[in-house]
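Because the structure is a prediction, the values reported are computed rather than measured.
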Amino acid sequence: MALNNPTLWLGLGVLALLIILIAYLTRQRIDPYPYTPADALFTPAERAFLSVLDRAVGAEHRVFGKVRIADLARPQKGMDYSNHLRALNRVAAKHLDYVVCRTDTLAAVCAVELNDRSHQNPKRQARDVFVQGVCHRIGLPLLQIPAQRQYNLADIRTQFFEAITPPRARPRRRRA
């Protein structure tokens, strides 16, 4: 069989076209929008707590939910590109359950995490330590509330105002 045989080349060409055609027809089409709607922004427990938190912080504050940490904490200036990107990626996909802001300026004054049983998971605990560190670094108080069936409005209000009041400004408690 000679390499200059036109029948051989024609057969190889047809075979190649068949392979390409089969690959094209069986290829899965990629949907550019592979999304479905989420059920709700908050779980029922988060929604119930939001109602209490809204009342606890008062009219001078406003509560926002599911705030990305990257919207509150930016990588330091002066970092090389690789470290900047690494720092940004660590906060870009993480969010805080709630962020309380001053109503007049919308400056964040406190972050609030509602801790359910998932926070007993070692991976979640590592994430919690990271979030605590970021909040501490940027000077944002982090209030961690255990998830409960019911909340005491006065207790939540007290915890919130203690979290946002600098230690020097707090009234001293008398020792018994």
Heavy-atom closest contact (His84 atom, Pro75 atom, distance): ND1-CB, 3.5 Å
Side chain to side chain donor-acceptor pair (under 3.5 Å) assessment of Asn83 paired with Arg86: CA-CA 5 Å; Asn83 286 324; Arg86 185 177 298 116; 2.5 Å; yes
Least distance between heavy atoms, Gln125 atom then Gln120 atom: NE2-O, 3.4 Å
Heavy-atom pair of closest approach, residues Ala87 and Met79: CB-CE, 4.0 Å
Shared hydrophobic cluster for Ile164 and Val52 (ILVMFWY, side-chain gaps under 4.5 Å): yes
Heavy-atom pair of closest approach, residues Val109 and His61: CG2-CD2, 3.8 Å
Over all atoms of both residues, closest heavy-atom pair of Ala92 and Ala70: CA-CB, 3.9 Å
Contact check, side chains of Ile156 and Phe49, non-hydrogen atoms, under 4.5 Å: yes
Linked, directly or transitively: Phe42 and Val99 (ILVMFWY side chains, under 4.5 Å): no
Return a table of donor-acceptor pairs under 3.5 angstrom between the side chains of residues 128-150 and protein atoms on other chains or two or more places apart.
{"from": "Asp128", "atom 1": "OD1", "to": "His119", "atom 2": "ND1", "distance (Å)": "3.3"}
{"from": "Asp128", "atom 1": "OD2", "to": "His119", "atom 2": "ND1", "distance (Å)": "2.6"}

Side chains of Ser82 and Asp80, donor plus acceptor under 3.5 Å: no
same_hphob_cluster(Ile69, Leu85) at 4.5 Å side-chain heavy-atom cutoff: no
Leu53-Val67 co-clustered via ILVMFWY side chain contacts under 4.5 Å: no
Straight-line distance of Thr165 OG1 to Phe160 CZ, nearest 0.5 Å: 8.5 Å
Test item: Arg68 and Val91 side chains (from C-beta on) under 4.5 Å apart, heavy atoms: no
Side chains of Leu50 and Glu46 in contact at under 4.5 Å (non-hydrogen atoms): no
pair Val63-Val112: side-chain heavy atoms closer than 4.5 Å: no
Single-linkage hydrophobic cluster, 4.5 Å side-chain cutoff, Ile20 and Leu15 together: no
Rounded distance (nearest 0.5 Å) linking atom CZ of Phe64 with atom CG of Leu96: 13.5 Å
From Leu12 atom CG to Leu17 atom CG, the distance as rounded to the nearest 0.5 Å: 11.0 Å
Minimum heavy-atom distance between Arg157 and Arg55, given as atom pair plus value: NH2-O, 3.2 Å
Test item: Leu114 and Tyr151 side chains (from C-beta on) under 4.5 Å apart, heavy atoms: yes
Any residue meeting side-chain contact (heavy atoms from CB on, under 4.5 Å) with Asp104, in chain and number order, not counting sequence neighbours: Arg102
Residue pair Thr43, Asp116: steps toward the side-chain contact (heavy atoms from CB on, under 4.5 Å) verdict: CA-CA 11 Å; Thr43 66; Asp116 59 13; over 6 Å; no
